[in-house]
Amino acid sequence: MISEENLNKMFNGADNIPKEKAIKKAVENYKISEKTATSYYYTWKGKYMKDNNKLNAPNVVQSNNHTEPKESPKEPKATLKLDIVGVNLKGENGTYKLCKNGLELVNEGQILAFENKQQWEDFKNEIDRAFEYGKSGKVF
């Protein structure tokens with residue numbers, strides 16, 4: 001795994017640019033795959049956001065759309081709209097965060113992120129190939 005110092009170096013200033021540009025910059029500058037850069041980005045983001053207390057914000061967004069009752073004074077003066085922006089599930093391998101952008105698995109500061117099922121399948125296939133290569137005896 002990459003050190004926190006290298007993550008900060010790799011994504012320095014990435015909080016001011018879109019995620020895709022930060023990942024593309026890491027791929028170009030550090031000659032790593034897009035999936036590795038994405039994984040590193042989410043690891044960096046998790047640590048950076050936690051350090052800056054941005055991750056401690058509530059997972060519910062309050063809408064400022066207020067309505068004034070016109071017909072009956074017994075109706076509430078304001079209506080609040082709440083949106084679910086994420087769901088956290090705890091499992092054997094860590095905490096799964098389900099959000100609009102996909103799924104994140106967080107365990108001891110490590111983050112794996114997948115935007116869709118195809119990314120997950122590609123990642124799983126890559127791991128399977130690595131295990132097969134290790135079992136083949138070519139490495140050891």
Side-chain angles (χ1 to χ4, degrees):
M1 190 61 193
I2 191 168
S3 71
E4 189 170 343
E5 179 182 333
N6 286 339
L7 279 175
N8 288 334
K9 183 178 175 184
M10 188 179 294
F11 293 107
N12 184 25
D15 53 337
N16 297 327
I17 61 175
K19 170 186 76 171
E20 294 78 14
K21 285 187 180 180
I23 291 170
K24 185 176 179 181
K25 180 180 167 187
V27 168
E28 292 171 357
N29 292 343
Y30 293 91
K31 308 295 186 235
I32 56 178
S33 73
E34 186 175 339
K35 289 181 183 181
T36 300
T38 301
S39 179
Y40 286 170
Y41 173 82
Y42 282 110
T43 301
W44 167 82
K45 181 180 172 185
K47 289 181 181 183
Y48 173 81
M49 297 296 267
K50 186 180 268 185
D51 291 344
N52 288 305
N53 293 324
K54 293 180 182 175
L55 204 61
N56 296 329
N59 284 340
V60 178
V61 175
Q62 177 181 338
S63 176
N64 289 328
N65 296 334
H66 297 284
T67 59
E68 293 293 325
K70 294 184 180 181
E71 298 175 15
S72 173
K74 294 180 183 177
E75 293 179 7
K77 290 186 179 181
T79 301
L80 300 178
K81 180 183 178 205
L82 302 175
D83 295 320
I84 297 173
V85 294
V87 174
N88 292 331
L89 305 168
K90 290 196 179 217
E92 290 182 13
N93 296 312
T95 301
Y96 296 87
K97 181 180 179 185
L98 307 173
C99 54
K100 291 180 183 177
N101 296 335
L103 172 100
E104 291 180 4
L105 171 60
V106 181
N107 189 1
E108 298 180 4
Q110 307 274 337
I111 300 174
L112 289 175
F114 304 97
E115 291 182 356
N116 55 49
K117 191 171 182 177
Q118 184 61 47
Q119 279 187 350
W120 161 248
E121 293 295 333
D122 292 345
F123 178 77
K124 190 171 73 169
N125 290 335
E126 187 174 284
I127 296 249
D128 289 343
R129 286 193 308 265
F131 274 119
E132 289 302 318
Y133 189 78
K135 287 182 181 179
S136 70
K138 294 179 183 178
V139 178
F140 304 106

* **Distance-only polar pair, side chains of Q118 and D122, donor-acceptor under 3.5 Å** => yes
* Residue of the set E20, E28, K21 for which side chain to side chain contact (heavy atoms under 4.5 Å, CB included) holds with K24 -> E28
* **Heavy-atom side-chain contact between T36 and Y30 under 4.5 Å** => no
* Side chain to side chain, F123 and L112, heavy atoms closer than 4.5 Å ->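 Counting from C-beta outward, F123 and L112 do come under 4.5 Å.
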Could you check whether atom [atom1] of [X] has more than 12 heavy atoms from other residues, nucleotides or ligands sitting under 6.0 Å from it?
{"X": "K19", "atom1": "NZ", "value": "yes"}
{"X": "K35", "atom1": "NZ", "value": "yes"}
{"X": "E34", "atom1": "CD", "value": "no"}

To the nearest 0.5 Å, tell me how far [X] [atom1] sits from [Y] [atom2].
{"X": "I111", "Y": "T38", "atom1": "CD1", "atom2": "OG1", "answer": "12.5 Å"}
{"X": "N116", "Y": "L103", "atom1": "CG", "atom2": "CG", "answer": "11.0 Å"}
{"X": "L105", "Y": "T95", "atom1": "CG", "atom2": "OG1", "answer": "8.0 Å"}
{"X": "K124", "Y": "K117", "atom1": "NZ", "atom2": "NZ", "answer": "8.0 Å"}
{"X": "E132", "Y": "I127", "atom1": "CD", "atom2": "CD1", "answer": "12.5 Å"}
{"X": "K45", "Y": "E104", "atom1": "NZ", "atom2": "CD", "answer": "6.0 Å"}

* Counting distance only, does the side-chain N/O of N107 pair as donor-acceptor with the main-chain N or O of Q110 below 3.5 Å? -> no
* **Distance-minimising heavy-atom pair for Y42 and A113** => CD1-CB, 2.9 Å
